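Because the structure is a prediction, the values reported are computed rather than measured.
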Amino acid sequence: MAGHSKFKNIMHRKGAQDKKRSAMFSKLSREITVAAKMGMPDPDMNPRLRLAVNAAKAQSMPKDNIQRAIDKASAQDGESYEEVRYEGYGPGGSAIIVEALTDNRNRTATAVRTAFSKNGGNLGTEGSVAHGFDRLGFIFYPAEAGGEEKVLEAAMEAGAEDIASSDDGHEIWTAAEDLHQVAADLEKALGEAETVKLAWKPNLTVDMDEKTASTLLKLIDALDDDDDVQTVWGNYDISDEVMDKLEG
C-alpha cells in the first residue's frame, strides 16, 4: 500500500510542470461554464458544477472568478464549448488520452496532433487506446484526512469499489455513475476531498526509463500548455528514481 501515488503519476506529475496560475484558472473557468450550461447554475443542484467549483476553490481561485464563470453560461453571446477526446501513443509504448473543452475543433485537433508528432508520439483515432483503460470515478484525500483504517471504513460505507493508501494520501475509486453520491457521503465523514473527478484508469501500466520519460514529460507539458486541454491521462509509470534524475 505504501509508496508514491500511482494516480498522480499517471494523471500528470505536478512537480514536472509548474503551471502558470492564469492558465490553470482559465481551464477551471471553462469547466465551470460548461458544467453550469449543462445543468442548473446552482452547485447544490448540479453535481458536475459542484465538482468544478470545488476544484477551483482547491486551487484558491477567487470567488468573483468562479461566479463570473457560472454567469457566462447563461450569457447569450458566451462562447460555446464542446467536450472532445483524443487518443494516441506516446514514447515508450505509452497510451495517452487527452480530454479537451474547445470552441474550435480544428484548432484543438491541430495543436494536439502537433504536440504528439513533435514529442515522439502519434495521434490515433478515438477508441484506439481507450480499451486499455476503465472509466471510473476518482476521489483523492491527502494523508492528513485520516489514517488508512478510518478512510477505508468511510469509503466502504460510502460504496466505493477500491481504495489505495500511500504516503501521499488516499486514492478512492468508484463506479463512474456512483461518483457524485460516494463523494457526497465521504464529505460527511472526512470533509472535502482534494480531487473528485471522472478518471481514465489504465488496466496495465508501462514503466518508463530515463530517456522515454524525458520525452514523455515534454509531450505532456506541450499538451498541458494548450488552453483547450483539460486533463491528460496515460498508462505510464515513472519511478521516483527516474523522476529524481530528471528533476536533478
Worksheet item: Going by heavy atoms in the side chains, are Glu192 and Asn54 under 4.5 Å from each other?
Response: yes

Between the CG atom in Leu152 and the CD atom in Glu157, the distance rounded to the nearest 0.5 Å is 11.0 Å

Here the pair of heavy atoms bringing Asn104 nearest to Arg107 is OD1-N, 3.0 Å

Run the side chain to side chain contact (heavy atoms under 4.5 Å, CB included) test on Ile70 and Thr33 for me, step by step, so that the C-alpha distance in whole Å, both residues' side-chain angles and the decisive distance to 0.1 Å come before the verdict.
CA-CA 5 Å; Ile70 293 173; Thr33 302; over 6 Å; no

Could you tell me whether the side chain of Thr114 and the main chain of Thr110 form a donor-acceptor pair under 3.5 Å? yes

- Quick one: are Val98 and Glu87 in side-chain contact, heavy atoms under 4.5 Å? no

Sequence neighbours excluded, the answer for salt bridge (charged side-chain N to carboxylate O under 4.0 Å, His left out) partners of Asp178 is none

>> Would Leu216 and Ile238 count as a side chain to side chain contact (heavy atoms under 4.5 Å, CB included) here? Give the steps.
In response: CA-CA 10 Å; Leu216 174 72; Ile238 303 172; 4.3 Å; yes

Under 3.5 Å donor-acceptor, Lys27 side chain and Asp226 backbone: yes

Are any non-hydrogen side-chain atoms of Leu186 and Ile139 less than 4.5 angstrom apart?
-> yes

Trp173 and Phe138: aromatic ring centres closer than 6.0 Å? yes

Between Ser214 and Lys211, is there a donor-acceptor pair closer than 3.5 Å when you use the side chain of the first and the backbone of the second?
-> no

Requested in this report: Begin from the C-alpha positions of Arg135 and Leu198 and carry the test side chain to side chain contact (heavy atoms under 4.5 Å, CB included) through to its verdict.
Outcome: CA-CA 7 Å; Arg135 188 64 162 156; Leu198 283 169; 3.8 Å; yes

* To do: Please tell me if the side chains of Leu219 and Pro91 come closer than 4.5 Å, counting only heavy atoms from C-beta onward.
  => yes

Beyond-backbone contact of Thr174 with Gln181, side-chain heavy atoms, under 4.5 angstrom
no

Practice problem: For side chain to side chain contact (heavy atoms under 4.5 Å, CB included), just list the numbers for Tyr86 and Ile96, CA-CA rounded to whole Å, side-chain angles, deciding distance to a tenth of an Å, and then say yes or no. | Solution: CA-CA 8 Å; Tyr86 301 96; Ile96 309 285; over 6 Å; no

Closest heavy-atom pair, Asp103 versus Tyr81, reported as atoms and distance to 0.1 Å, is N-CD2, 3.7 Å

Sequence neighbours excluded, the answer for side-chain hydrogen bond (donor to acceptor under 3.5 Å, both in side chains) partners of Glu187 is Arg50

CG (Leu51) and CG (Leu179) are apart, to the nearest 0.5 Å, by 6.0 Å

Between Lys197 and Thr231, the two heavy atoms sitting closest are NZ-OG1, 3.7 Å

Nearest heavy-atom contact between Val53 and Pro43 is CG2-CG, 4.3 Å

Note to self: Are Tyr236 and Pro202 packed together at the side-chain level, in the sense that at least one heavy-atom pair is separated by less than 4.5 angstrom?
What the structure shows: no

When rounded to the nearest 0.5 Å, the distance separating OG of Ser165 from NZ of Lys150 is 12.5 Å

With side chains defined as the heavy atoms from C-beta onward, is the minimum distance between Val84 and Arg105 less than 4.5 Å?
yes

One should read off an interatomic distance between Leu136 CG and Glu161 CD, to the nearest 0.5 angstrom, of 6.5 Å

Taking every heavy atom of Phe25 against every heavy atom of Pro62, the minimum-distance pair comes out as CE1-CD, 3.8 Å

Counting neighbours of CD on Glu153 that are heavy atoms of other residues, nucleotides or ligands and sit closer than 6.0 Å, is the number greater than 12? no

Name each donor-acceptor pair under 3.5 Å that joins a side chain in residues 119-129 to protein atoms two or more places apart or in another chain, with its distance.
from	atom 1	to	atom 2	distance (Å)
Asn119	ND2	Ala115	O	2.8
Ser128	OG	Thr125	O	2.7

| message | Main chain of Gly146, side chain of His170: is a donor-acceptor contact present, judged purely on distance under 3.5 Å? | response | yes

- Message: I'd like to know if Lys201 pairs up with Asp162 as an ion pair, taking the criterion as any Lys NZ or Arg NE/NH1/NH2 lying under 4.0 Å from an Asp or Glu carboxylate oxygen.
- Response: yes

Interatomic distance, OG@Ser94 vs CG@Asp237, rounded to 0.5 Å, equals 12.0 Å

- Query: Are the charged groups of Glu31 and Arg48 less than 4.0 angstrom apart, N to O?
  - Reply: yes

Item checked: Glu99 vs Glu83 side-chain heavy atoms within contact, under 4.5 Å -> no

Legend entry - Lys188 and Asp185 ion-paired at < 4.0 Å: yes

Do any N or O atoms from the side chain of Tyr89 and from the backbone of Phe116 form a donor-acceptor pair under 3.5 angstrom?
no

Notebook entry, point to check: Would a hydrophobic clustering, with Ile, Leu, Val, Met, Phe, Trp and Tyr connected at side-chain separations under 4.5 Å, put Met40 with Ile32?
Noted result: no

query: Is it true that a side-chain atom of Thr195 and a backbone atom of Phe140 form a donor plus acceptor pair closer than 3.5 Å?
result: no

Check: Does any donor atom in the side chain of Thr108 or Asp228 lie under 3.5 Å from an acceptor atom in the other side chain?
Finding: yes

One should read off an interatomic distance between Gln230 CD and Arg85 CZ, to the nearest 0.5 angstrom, of 15.5 Å

